[in-house]
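In what follows, chains carry the letters A, B, and so on, assigned in the order in which the sequence lines appear, proteins first and then strands, with residues in each chain numbered from 1.
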Amino acid sequence: MPELPEVETYRRYFDLTALGKTIIHLEVEDHRQLTTDYDLLQQSLKGATLTDTSRIGKHFLITLSSGKILVLHFGMTGNLMYYRDAEDTPRFARVIFYFSNGYKLAFIDSRKFGRVGLADSIETYKKQKNLGPDALDVTLPQLKASLEKRKAPIKALLLDQSILAGVGNWIADEVLFQARIFPAKPANTLTNLELEHLHRAIQVVLQTAIDEEAIYHNFPKDFLIHSRGWEDSPKPVLEREVCPRHQSALTIAKMGGRTTYFCLLCQPV
DNA sequence: CTCAGTGTTCAGTG
DNA sequence: TCACTGAACACTGA
């Protein structure tokens, strides 16, 4: 479920496992998941050491000893696993990096929306993908400047990676719930106070999720996410889809092209 | 068998 | 050109 907190959690996992290792070989199940020609990728990665990591929004960037950047994007279902024995190869391993120490790193992705490829530099990549500031770094003035002239629903713009990078569907809903803003409200009608609340909610939701390593059931009780029905032991629908503050029924609607959960009492029109 | 889905991109419209 | 909307993408699992 890779939004910014998941990708940050993957990055930390990578730093504790694959970082510093040297690639000797690459296995790719489906070339359609590559954004760089297979032969070129193989050639560029063979012998390369993974020297550093960074992240912009949901994009995971790995600096190679050659100076090139290996980019992983996890799509809807991407994940990583570092392992040694072939029998531990995870199901849906789509790309496997083999290291000189005998270990492997699997890029797991059941739905195959994830992508793997090379970039010349972090800046080039950011520009090429038209990414805005990372959602953890965006300042209130930046946020205000990119929202105040836009008429689209605020939720749709929170999902726009060129405005801020890293917010996905559940975080957009969570942030708007915490900031008590109606998701379909046109962005240019947000008051300064609402923009402040929005900015603070982005920071709080993302930092909380990262601190909990993106494990949803550990999130605070007043988080809307518990009402989405992704819990480990799903409650019946009627017990689940209620506002954590009011216990009243949530509204579920399509907004910004995605399923949107919100509370009309907390987030009035 | 049908359908929704955590993300991104592109075609079409105004 | 820009802002915006909605469909398409590939696949799994309910």
Side-chain angles (χ1 to χ4, degrees), chain A residues 1-10 28-35 55-60 71-80 90-95 107-117 119 125-132 134-135 145-177 183-189 205-206 209-210 212-217 219 223-237 240-241 252-261:
Chain A
M1 309 100 189
E3 299 188 34
L4 187 152
E6 287 87 351
V7 178
E8 178 61 21
T9 302
Y10 298 167
V28 180
E29 178 189 303
D30 185 341
H31 289 202
R32 289 175 301 178
Q33 292 196 260
L34 300 182
T35 57
R55 184 188 53 69
I56 308 173
K58 307 168 193 172
H59 303 250
F60 182 36
V71 184
L72 306 185
H73 191 285
F74 297 96
M76 303 264 269
T77 53
N79 207 337
L80 294 177
R91 197 179 172 202
F92 308 126
R94 306 301 192 187
V95 179
F107 178 85
I108 306 163
D109 184 16
S110 65
R111 310 279 159 97
K112 292 174 54 163
F113 276 166
R115 293 293 179 265
V116 174
Y125 183 74
K126 189 176 176 191
K127 203 165 290 178
Q128 179 204 325
K129 304 300 278 185
N130 193 21
L131 295 175
D134 187 85
S146 44
L147 295 179
E148 64 188 353
K149 292 187 179 2
R150 304 286 298 266
K151 294 178 182 171
I154 181 59
K155 159 135 184 184
L157 298 184
L158 288 176
L159 296 174
D160 182 340
Q161 305 296 299
S162 68
I163 292 178
L164 73 172
V167 172
N169 197 36
W170 85 253
I171 292 179
D173 285 359
E174 189 69 59
V175 159
L176 291 168
F177 176 74
K185 184 159 193 176
N188 61 355
T189 66
V205 169
L206 291 175
I210 290 172
E212 298 295 348
E213 298 179 331
I215 299 169
Y216 303 141
H217 64 256
F219 290 1
F223 266 40
L224 187 70
I225 193 167
H226 301 298
S227 306
R228 288 196 93 100
W230 303 348
E231 302 290 89
D232 291 342
S233 49
K235 304 170 195 165
V237 170
R240 178 170 80 207
E241 289 165 356
I252 303 175
K254 284 273 183 216
M255 287 184 187
R258 323 293 301 190
T259 302
T260 300
Y261 288 66

**Message:** Quick check: on DNA chain C, is the nucleotide nearest A:Lys112 upstream (toward 5') of the one nearest A:Lys151, or the reverse? Name the residue that is more 5'.
**Reply:** A:Lys151
**Message:** Counting only side-chain nitrogens and oxygens, does A:Arg32 get under 4.0 Å of the OP1 or OP2 atom of C:dA10?
**Reply:** yes
**Message:** I'd like to compare against my own output: the B/S/- annotation of nucleotides 7-14 of chain B with a strict under-4.0 Å heavy-atom distance to protein.
**Reply:** BBS-----
**Message:** Taking the ring of A:Phe60 and the ring of A:Tyr10, is the distance between their centroids below 6.0 Å?
**Reply:** no
**Request:** Using a 4.5 Å cut-off on heavy atoms from C-beta on, say whether the side chain of A:His73 contacts that of A:Val7.
**Result:** no
**Message:** Does A:Lys149 reach a base, just sugar-phosphate, or nothing at all? Heavy atoms under 4.0 Å.
**Reply:** nothing
**Request:** Using a heavy-atom cut-off of under 4.0 Å over every strand shown, decide if A:Phe92 touches base, sugar-phosphate, or nothing.
**Result:** sugar-phosphate
**Item:** Note, A:Phe219 side chain near A:His226 side chain (heavy atom, < 4.5 Å)
**Value:** yes
**Request:** List the steps and the verdict of side chain to side chain donor-acceptor pair (under 3.5 Å) for A:Thr259 and A:Lys254.
**Result:** CA-CA 5 Å; A:Thr259 302; A:Lys254 284 273 183 216; 3.2 Å; yes
**Asked** What heavy-atom pair brings A:Glu3 and A:Val167 nearest, and what distance separates the two atoms?
**Response** OE1-C, 4.0 Å
**Message:** Considering every strand and a 4.0 Å limit on heavy-atom distances, what is the contact class for A:Pro5: base, sugar-phosphate, or nothing?
**Reply:** nothing
**Message:** Side chain of A:Asp30, heavy atoms from C-beta onward: which of C:dG13, C:dA3, C:dC11 has the nearest atom to it?
**Reply:** C:dC11
**Message:** Requiring both pairing distances under 3.5 angstrom, list the stems that contain DNA chain C and are made of three or more consecutive Watson-Crick or G-U pairs.
**Reply:** B:2-5 with C:11-14, B:7-14 with C:2-9
**Prompt:** Looking at CE of A:Met255 and CG of A:Leu176, how far apart are the two atoms once the value is rounded to the nearest 0.5 Å?
**Reply:** 9.5 Å
**Request:** Drop me the distance from A:Leu147's CG to A:Leu157's CG, to the nearest 0.5 angstrom.
**Result:** 6.0 Å
